[in-house]
Structure formats: structure tokens, C-alpha cells
There are 2 protein chains.
Amino acid sequence: MENLSHSEENYLKEIFHLSAQSNDRVSTNHLADRLNAKASSITDMLRKLADKELVSYIKYKGCRLTDEGERIAVQIIRKHRLWETFLVKKLSFGWEEVHEVAEQLEHIDSEKLIDSLDHFLDYPKFDPHGDPIPNKDGQIEYRSSKLKLIDVGIKSRVEIVRVNEDSLSLLKFLEQQELTLGTVIEIMEKFPFDDSVRIKVNGERNINLSKKVIENISVKLLDE
Amino acid sequence: MENLSHSEENYLKEIFHLSAQSNDRVSTNHLADRLNAKASSITDMLRKLADKELVSYIKYKGCRLTDEGERIAVQIIRKHRLWETFLVKKLSFGWEEVHEVAEQLEHIDSEKLIDSLDHFLDYPKFDPHGDPIPNKDGQIEYRSSKLKLIDVGIKSRVEIVRVNEDSLSLLKFLEQQELTLGTVIEIMEKFPFDDSVRIKVNGERNINLSKKVIENISVKLLDE
DNA sequence: ACTATTTTTTAGACATGACTAAATATTTTA
DNA sequence: TAAAATATTTAGTCATGTCTAAAAAATAGT
């Protein structure tokens with residue numbers, strides 16, 4: 001309902017993401033880190049968002065979205081993911097190129113635009129990184145299991161269903177290694193000293209992946 | 001090259017449009033009127049744009065775009081018109097609905113995005129209102145003749161090729177009267193006392209159009 | 001050519017969203 | 001549990017883009 005600045009929208013979105021991870025109030029420093037801002041700036045903005053009743057903010061205790069704040073955050077995420085899907089599906093962007101542009105597009109204010117885009121794309125359920133796209137009513141169909149590649153046991157056969165979009169260089173790496181969504185992987189060996197693994201890709205070639213890589217890939221188990 | 005604010009971009013775009021009309025320096029008040037701002041705000045911004053060498057500004061004498069300023073203005077207009085085309089052609093927007101959204105989309109900063117969009121739309125030459133779309137190099141293919149409906153003689157047969165997009169209510173009116181681009185019109189009668197005309201549409205029905213309407217429609221003559 | 005009118009600029013203010021440096025809470029650790 | 005370390009807030013500043021009111025310049029009218 002309200003008319004928010006880009007900055008305010010970015011705060012809401014980031015609080016939503018951090019809340020999803022920690023299931024707790026989001027701390028000032030944590031936000032400062034993610035938003036590349038100083039803690040003092042975060043405090044200022046949280047006050048403002050609290051005035052608008054979009055977050056509950058308790059001094060020294062961090063913040064949490066109100067229902068209205070969450071509703072808005074989800075709509076921004078919906079826009080972000082629909083635009084990413086558009087860029088990849090219709091404009092042939094690579095999955096590592098979409099995030100930056102979608103960060104701009106997500107702030108375009110037009111309900112008709114985003115609903116038309118949703119229709120044009122045939123109501124996609126997941127974006128190019130495998131993240132679920134909230135529907136018009138803000139409902140998000142999360143994946144039933146959230147298995148990460150790092151937690152998969154040896155000899156398991158899995159399919160890549162999601163990649164963390166935050167790191168540009170990770171996405172470039174995966175693109176280059178042809179580890180895209182849908183790729184089938186078998187865990188050949190685990191190296192506990194650095195938490196890296198050796199995997200077989202599509203039953204063909206073996207490669208090693210570092211801890212940093214496998215903790216950012218989600219998979220689903222394939223039954224033999 | 002430079003990174004401009006939305007506001008700065010809007011100034012450049014508006015100066016370009018006003019220059020095209022008057023072929024002269026653009027006055028502070030004229031800009032204030034078009035940008036819905038006070039003259040003092042215009043002065044401030046023109047100083048800033050002059051510092052960046054995007055306009056030449058002479059105190060009390062108005063402004064004019066530099067080559068670099070014009071280059072940027074044209075790129076913004078390119079983006080605006082490509083987005084309008086996308087909205088109408090791909091997302092089924094009405095031509096009266098696109099302007100407001102395109103005003104936002106034109107500020108998205110990604111050369112790859114706009115060039116991909118251009119390709120996706122198959123390099124359109126004109127936007128939904130009949131205005132020419134600048135190409136990647138900033139070249140604009142203006143129509144050879146710029147005949148306005150108000151200047152057309154009696155009994156002439158003409159085709160609507162462009163409508164001024166500035167007035168929402170005019171666009172709605174034309175939509176409702178089915179006076180879209182490509183519609184063929186014959187001037188039946190001119191009424192000098194109020195500069196209105198009676199026209200025949202598609203050889204079928206007669207309607208009257210006020211001066212306000214016909215001075216905002218451009219046409220091309222059809223030879224019998 | 002002088003006055004009146006209009007246009008434009010100047011001066012000073014405000015809101016937004018960021019910052020730095022200092023002060024104050026909270027948490028950790030010995 | 002008290003000092004040390006860390007996290008957070010407060011106070012004061014800055015740039016951006018806008019505004020109002022007053023001053024100055026340009027233009028028009030007689």
C-alpha cells in the first residue's frame with residue numbers, strides 16, 4: 001500500500017532473507033554486513049521502518065518483520081525472481097548476469113506489470129537459480145526437502161535443484177563447469193580434512209568441489 | 001558513461017523534447033512547467049548538469065544540451081520507447097497504460113538489457129504511439145513528413161501514424177473511438193470558428209474532433 | 001527611455017539516507 | 001562477576017533534490 005523508497009524496500013527484503021535463515025530477530029550488524037552499510041545507518045532506517053509499522057524493532061535486540069512488512073518483502077522477492085526468469089528465458093541472459101539487473105527491476109512499481117509478466121512467463125514456479133517464486137497472493141511453495149550437497153552421503157546420486165545466487169563468481173564457476181540446474185551428480189569421495197568432495201557429473205567426468213561450493217548447492221535425492 | 005540520478009536523466013530527456021520543438025535554448029520556466037517543479041529547482045539542477053558538461057547553461061538565457069547530454073537523452077528515449085513497445089506487444093498493455101510504467105523502466109541501467117530487449121522485439125522502428133525508436137547508436141529515423149491532422153485540407157484521405165502520448169485522457173478517448181495507428185480518415189468538413197473537423201473513419205462512420213484532438217494527431221497522406 | 005511585469009536567480013530551509021566518531025549496552029572470557 | 005571485547009546507538013555532518021521568499025535581471029508597454 002505504502003510508497004517505499006528503493007532503500008526501504010531493500011531493507012525489508014534483506015530482513016526477510018536473514019529471518020528465513022536464522023528464525024530469530026535480525027541483528028543490526030548482520031544487516032549492516034549484508035547491505036554494505038554502517039551499523040548506525042541501519043539503526044536509523046530500522047527506526048523509520050518501525051514508525052511505518054513494517055518491522056518490530058527493539059533497541060539492542062534487532063528487528064523482525066511485521067505481517068505487513070513481510071507481505072511487502074515477499075512481493076519484492078516475487079518481482080525479483082520473475083524478472084530473473086524473464087531475463088534468462090526470454091532475453092537469453094546467463095544465470096550469473098541476472099541478479100544485478102533484477103535488483104533494479106524489482107523496484108518498478110506496477111502491479112499490472114508484474115502480473116502480466118507472470119502470465120507471459122506462464123506462471124513459473126522457480127527462478128533460474130532454483131528459488132521458488134511467490135505467487136500473486138504471496139504464497140511460496142518451498143521445496144519439501146532442503147538437502148544441501150554438503151550434507152549428502154557418499155555414493156548418493158542427486159540432482160542439482162538450487163544454487164545460491166549471492167556469489168557471482170560461484171555462478172560463473174558452475175556455468176563453466178556445466179553444473180546447471182538438473183545436472184545429476186554422484187558423490188564419489190569425501191575429504192574430511194577440508195570438507196571437499198569428489199563427484200561424478202552426469203555419469204561421465206569426475207571433479208573436485210570445495211566446501212565453499214557444495215554448501216551453496218541444494219539437491220534432491222534420486223532413487224536408484 | 002557517467003552515472004546519473006533519475007532526476008538528472010529526466011531533466012536531460014525533457015530538455016531534449018523541448019529543444020526539438022523550439023529549436024532554441026530551453027527556458028527555466030518552460031522546464032519548470034514540464035517537470036512540475038519550481039523555477040528555482042530548475043536553476044539548481046541546470047548548474048549541476050552544466051558542471052557535468054551535459055548542458056550549456058547561460059544565466060537568464062536558458063540551456064541547451066551538449067553533444068554528450070544529447071547522446072544520453074537519446075539513449076533514455078530509446079529505453080522508454082522500447083519498453084513501451086514491449087508492454088504493448090508482449091504484455092498486452094493498452095497504449096494509454098504504458099507511459100507511466102515506461103517512465104520508471106527507462107532508468108534501468110543495463111546496456112545488455114536494452115539491446116537484448118531490442119533484439120527480442122525484432123528491432124522495432126516505432127513505438128506504440130508512432131514515435132521513432134532511436135537505434136543502439138542513437139540514430140533516429142524521423143518520418144519524412146510531419147503532417148498534423150489539423151493542417152490537412154478538406155477531402156484528403158490520411159492514415160494515422162502518430163499520436164502525442166502526453167495526454168492520458170486523449171489516448172483513452174482515441175482508444176474508445178477506435179482511432180488507433182493505421183486508421184484511415186477522410187476530412188469531411190472543417191469548422192473554422194473552433195478549428196474542429198468532421199471526419200469519416202475507415203469509410204464508415206462520421207465523427208467530430210475538436211482542435212485539441214486533431215493538433216495531437218500526425219498523419220500521412222494516402223494517394224487516391 | 002522609463003516604469004511595470006515577467007522571468008530567473010539567490011539565499012536559506014527541509015527531508016532523505018548515508019557517514020564518522022563518541023558514548024553506551026550487551027556479551028564474552030578469565 | 002568484573003574487565004575486555006563486541007555490538008549498538010547517539011550526536012553531529014554531508015550530499016541530493018526539493019521548496020519558499022526575496023532580490024535581481026530581462027522584457028514589454030507607453
Side-chain angles (χ1 to χ4, degrees), chain A residues 1-15 18-19 21-22 24-65 69 72-73 76 103-104 106-107 109, chain B residues 1-15 18-19 21-22 24-65 69 72-73 76 103-104 106-107 109:
Chain A
M1 295 298 102
E2 327 217 16
N3 232 12
L4 303 177
S5 69
H6 289 195
S7 197
E8 291 170 319
E9 291 192 350
N10 285 334
Y11 274 74
L12 293 181
K13 189 180 54 153
E14 202 52 51
I15 294 167
L18 293 180
S19 293
Q21 282 166 28
S22 66
D24 201 4
R25 302 192 80 84
V26 175
S27 76
T28 301
N29 262 10
H30 204 170
L31 269 174
D33 187 47
R34 298 285 310 180
L35 291 167
N36 289 325
K38 301 300 170 191
S40 54
S41 310
I42 307 295
T43 301
D44 289 348
M45 182 59 97
L46 290 182
R47 283 247 168 68
K48 187 145 62 108
L49 293 173
D51 282 349
K52 298 189 179 189
E53 299 189 63
L54 300 175
V55 306
S56 106
Y57 166 62
I58 304 174
K59 251 178 156 186
Y60 295 103
K61 297 294 179 187
C63 69
R64 147 181 304 164
L65 293 176
I72 294 171
I76 298 161
E103 289 277 300
Q104 296 181 63
E106 72 190 5
H107 300 295
D109 175 32
Chain B
M1 294 304 98
E2 328 216 19
N3 231 11
L4 302 178
S5 69
H6 289 195
S7 198
E8 290 171 320
E9 292 192 348
N10 285 334
Y11 274 74
L12 294 180
K13 186 179 57 154
E14 202 53 50
I15 295 166
L18 293 179
S19 294
Q21 281 166 27
S22 66
D24 200 4
R25 300 191 81 84
V26 175
S27 76
T28 301
N29 263 10
H30 204 170
L31 269 174
D33 187 47
R34 297 284 309 180
L35 291 168
N36 290 324
K38 301 301 169 189
S40 54
S41 308
I42 306 295
T43 301
D44 287 347
M45 183 59 97
L46 290 182
R47 282 248 169 69
K48 187 146 62 111
L49 293 173
D51 281 349
K52 298 190 178 187
E53 299 189 64
L54 300 175
V55 306
S56 106
Y57 166 64
I58 305 174
K59 251 181 160 186
Y60 294 103
K61 296 292 180 189
C63 68
R64 149 179 304 163
L65 293 176
I72 294 171
I76 298 162
E103 289 277 301
Q104 297 181 62
E106 72 190 5
H107 300 295
D109 175 32

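Each chain gets a letter, A, B and so on, in the order its sequence line appears, and its residues count up from 1. Since this is a predicted model, take the numbers as computed values, not measurements.
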Would you kindly compare B:S27 and A:S7 by the position of their nearest DNA chain C nucleotide and give the one closer to the 5′ end?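 Counting from the 5' end, the first nearest nucleotide belongs to B:S27.
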Carefully, step by step, assess B:M45 and B:S7 under the rule side chain to side chain contact (heavy atoms under 4.5 Å, CB included). CA-CA 9 Å; B:M45 183 59 97; B:S7 198; 3.6 Å; yes
What parts of residues 32-43 of chain A reach DNA chain D, counting only heavy atoms under 4.0 Å away?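 Nucleic-acid contacts, sorted: A:A39, A:S40, A:T43.
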Grab the [atom1]-[atom2] distance between [X] and [N] for me, whole Å please.
X: A:H30; N: D:dT8; atom1: NE2; atom2: P; result: 11 Å
X: B:R47; N: C:dT9; atom1: CZ; atom2: P; result: 7 Å
X: A:E8; N: C:dT16; atom1: CD; atom2: P; result: 9 Å
X: A:N3; N: C:dT16; atom1: CG; atom2: P; result: 13 Å
X: A:D44; N: C:dT20; atom1: CG; atom2: P; result: 13 Å
X: A:D51; N: C:dT16; atom1: CG; atom2: C1'; result: 14 Å
X: B:H6; N: C:dT16; atom1: NE2; atom2: C1'; result: 15 Å
X: B:L49; N: D:dT16; atom1: CG; atom2: C1'; result: 13 Å

Filter on side chain to side chain donor-acceptor pair (under 3.5 Å), then keep only pairs touching residues 24-35 of chain B, sequence neighbours left out; what's left?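 Qualifying pairs: B:E14-B:R34, B:R25-B:S56, B:R34-B:D166.
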Taking the side chain as every heavy atom from C-beta outward, state whether [X] and [Y] have any atom pair closer than 4.5 Å.
X: B:L49; Y: B:L65; answer: no
X: A:H107; Y: A:N10; answer: yes
X: A:Y11; Y: A:V55; answer: no

Tell me whether the side-chain N/O atoms of B:Y57 come closer than 4.0 Å to OP1 or OP2 in C:dT9.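 For C:dT9, OP1/OP2 do have a side-chain N/O of B:Y57 under 4.0 Å.
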Can you name the residues that form a salt bridge (Lys or Arg N to Asp or Glu O under 4.0 Å) with B:E103, not counting sequence neighbours?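 Applying salt bridge (Lys or Arg N to Asp or Glu O under 4.0 Å) to B:E103 gives B:K13.
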How would you list, by chain and number, every residue that makes a side chain to side chain donor-acceptor pair (under 3.5 Å) with B:K52, sequence neighbours excluded?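 B:E8.
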Verify, without hydrogens or angle tests, whether B:S41 (side chain) and B:A37 (backbone) share a donor-acceptor contact under 3.5 angstrom.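 Flag not set: sc B:S41 to bb B:A37 has no pair under 3.5 Å.
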Using a 4.0 Å heavy-atom cut-off, write out nucleotides 23-28 of chain C from 5' to 3' as B (base contacted by protein), S (sugar-phosphate only) or - (no contact). -BSS--
Given D:dT8, D:dT10, D:dT18, the nucleotide with the shortest approach to the side chain of A:N29: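 Output: D:dT8.
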Residues two or more places apart in sequence or in another chain: which of them pass side chain to side chain contact (heavy atoms under 4.5 Å, CB included) with A:S40?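 Expected list: A:K38.
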